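Below is one structure; the comments refer to it alone.
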Amino acid sequence: GVAGQCRVTVTQPRFQQADPSMNNVSLTCSFSASGCSSSPPDVLWFRFLTNTHQDLCTPACTHHQKYKVNLSGNNIVLEIKDLTVDDNAVYICGIAFSDSDSPLSKQTGDGTVLTVTGSGKQHSSGKLIFMIIASSLLFLYSSAVLTSFVVYKVGSK
């Protein structure tokens, strides 16, 4: 059907730095959609840490005291409150038009590496390099998962 032509593109900045004294940080994500329904999409946020990943908002936020999503048009902001160095992670924004069966109607961004700089401790360049490598590997992994999902969906028709 016509709904099968829904195509989404998600973009987010690769890096963002924050200082714990700021207390809050806003991570931005924007998307474009063509051929999709006019209903608002589901907005998802995930976070990848060194050894694990967490669903932050899928689409409801699990810790609404800490995380809040604001949607204005095609721009999405994830607000993180009570910032600490424990918030260092790769944050991935996803957009899903769940009423479409097009494989391109559900997409994620490449992830934003959030670096919360500790007070006075400046040995984070090794961690940053690790985060860059980790985010690249996670991007390749998520691309492979998405590709296999698309192949599976197309093959099952």
Side-chain angles (χ1 to χ4, degrees), residues 6-20 22-33 36 40-72 74-118 121 123-154 156:
C6 176
R7 179 186 212 100
V8 176
T9 309
V10 180
T11 50
Q12 54 185 132
R14 293 296 289 148
F15 301 102
Q16 185 149 345
Q17 276 200 303
D19 188 307
M22 291 165 46
N23 207 27
N24 296 4
V25 67
S26 295
L27 301 182
T28 58
C29 166
S30 61
F31 72 95
S32 62
C36 303
D42 289 332
V43 176
L44 315 164
W45 279 95
F46 308 95
R47 159 170 113 147
F48 286 86
L49 301 155
T50 312
N51 299 314
T52 182
H53 88 279
Q54 295 173 322
D55 297 346
L56 299 181
C57 304
T58 58
C61 296
T62 48
H63 302 288
H64 41 269
Q65 317 75 311
K66 179 134 180 104
Y67 303 107
K68 186 174 163 210
V69 175
N70 296 313
L71 178 64
S72 103
N74 288 6
N75 295 311
I76 301 120
V77 175
L78 175 69
E79 200 178 309
I80 305 171
K81 299 184 178 88
D82 304 322
L83 209 54
T84 70
V85 288
D86 294 335
D87 292 314
N88 281 333
V90 180
Y91 291 82
I92 295 178
C93 167
I95 298 294
F97 283 87
S98 42
D99 56 359
S100 168
D101 57 359
S102 163
L104 298 173
S105 65
K106 297 159 185 65
Q107 296 289 330
T108 60
D110 292 344
T112 299
V113 178
L114 175 64
T115 308
V116 181
T117 52
K121 297 191 285 285
H123 57 273
S124 62
S125 66
K127 271 189 180 165
L128 184 63
I129 291 166
F130 172 78
M131 292 294 280
I132 292 167
I133 294 167
S135 66
S136 302
L137 290 171
L138 284 165
F139 172 68
L140 291 172
Y141 171 75
S142 61
S143 300
V145 168
L146 189 67
T147 304
S148 61
F149 178 72
V150 167
V151 169
Y152 171 76
K153 286 293 268 185
V154 169
S156 66

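The figures that follow rest on heavy atoms only: side chains count, while hydrogens, waters and symmetry mates do not. On a predicted model such as this, the values are computed, not experimentally measured, just so you know.
- Taken from CG in D110 to OG in S142, the straight-line distance is 7.5 Å, to the nearest 0.5 Å.
- Taking all atoms of both residues into account, the shortest heavy-atom contact from K106 to A96 is CG-CB, 3.7 Å.
- Atom-to-atom distance recorded for Q17:CD and M22:CE is 10.0 Å, nearest 0.5 angstrom.
- Under the 4.5 Å side-chain criterion, counting only non-hydrogen atoms from C-beta, V116 is not in contact with D19.
- Residues V113 and R14 are not in side-chain contact: their nearest non-hydrogen atoms beyond the backbone lie 4.5 Å or more apart.
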Check: residues 47-60 side-chain donor-acceptor pairs under 3.5 Å, at least two apart:
from	atom 1	to	atom 2	distance (Å)
R47	NE	Q54	OE1	2.6
R47	NH1	Y67	OH	3.4
R47	NH1	D87	OD1	3.4
R47	NH1	Y91	OH	3.2
R47	NH2	Q54	OE1	2.8

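- If you take CG on D42 and CD1 on I95, they are separated by 9.0 Å, rounding to the nearest 0.5 Å.
- Using a 4.5 Å heavy-atom cutoff, the side chains of T115 and F15 are not in contact.
- S32 and N74 get closest at one heavy-atom pair: CA-ND2, 4.2 Å.
- With sequence neighbours left out, T108 forms a side-chain contact (heavy atoms from CB on, under 4.5 Å) with I92.
- Atoms CZ and SG, from R7 and C36 in turn, are 10.0 Å apart once rounded to the nearest 0.5 Å.
- The distance from atom CG of L138 to atom CZ of F46, rounded to the nearest 0.5 Å, is 12.5 Å.
- In this structure, E79 and N70 approach most closely via the heavy-atom pair OE1-ND2, 3.6 Å.
- What you find for S102 and C6 is that their closest heavy atoms are OG-O, 2.8 Å.
- Put simply, the side chain of K68 never gets that close to the backbone of C61: no donor and acceptor are under 3.5 Å apart.
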I'd like a table of donor-acceptor pairs (distance under 3.5 Å, sequence neighbours excluded) in which one partner is a side-chain atom from residues 23-30, with atom names and distances.
from	atom 1	to	atom 2	distance (Å)
S30	OG	T11	OG1	2.9

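- Residues L78 and T112 form no side-chain contact, since every pair of their non-hydrogen atoms from C-beta on lies 4.5 Å or further apart.
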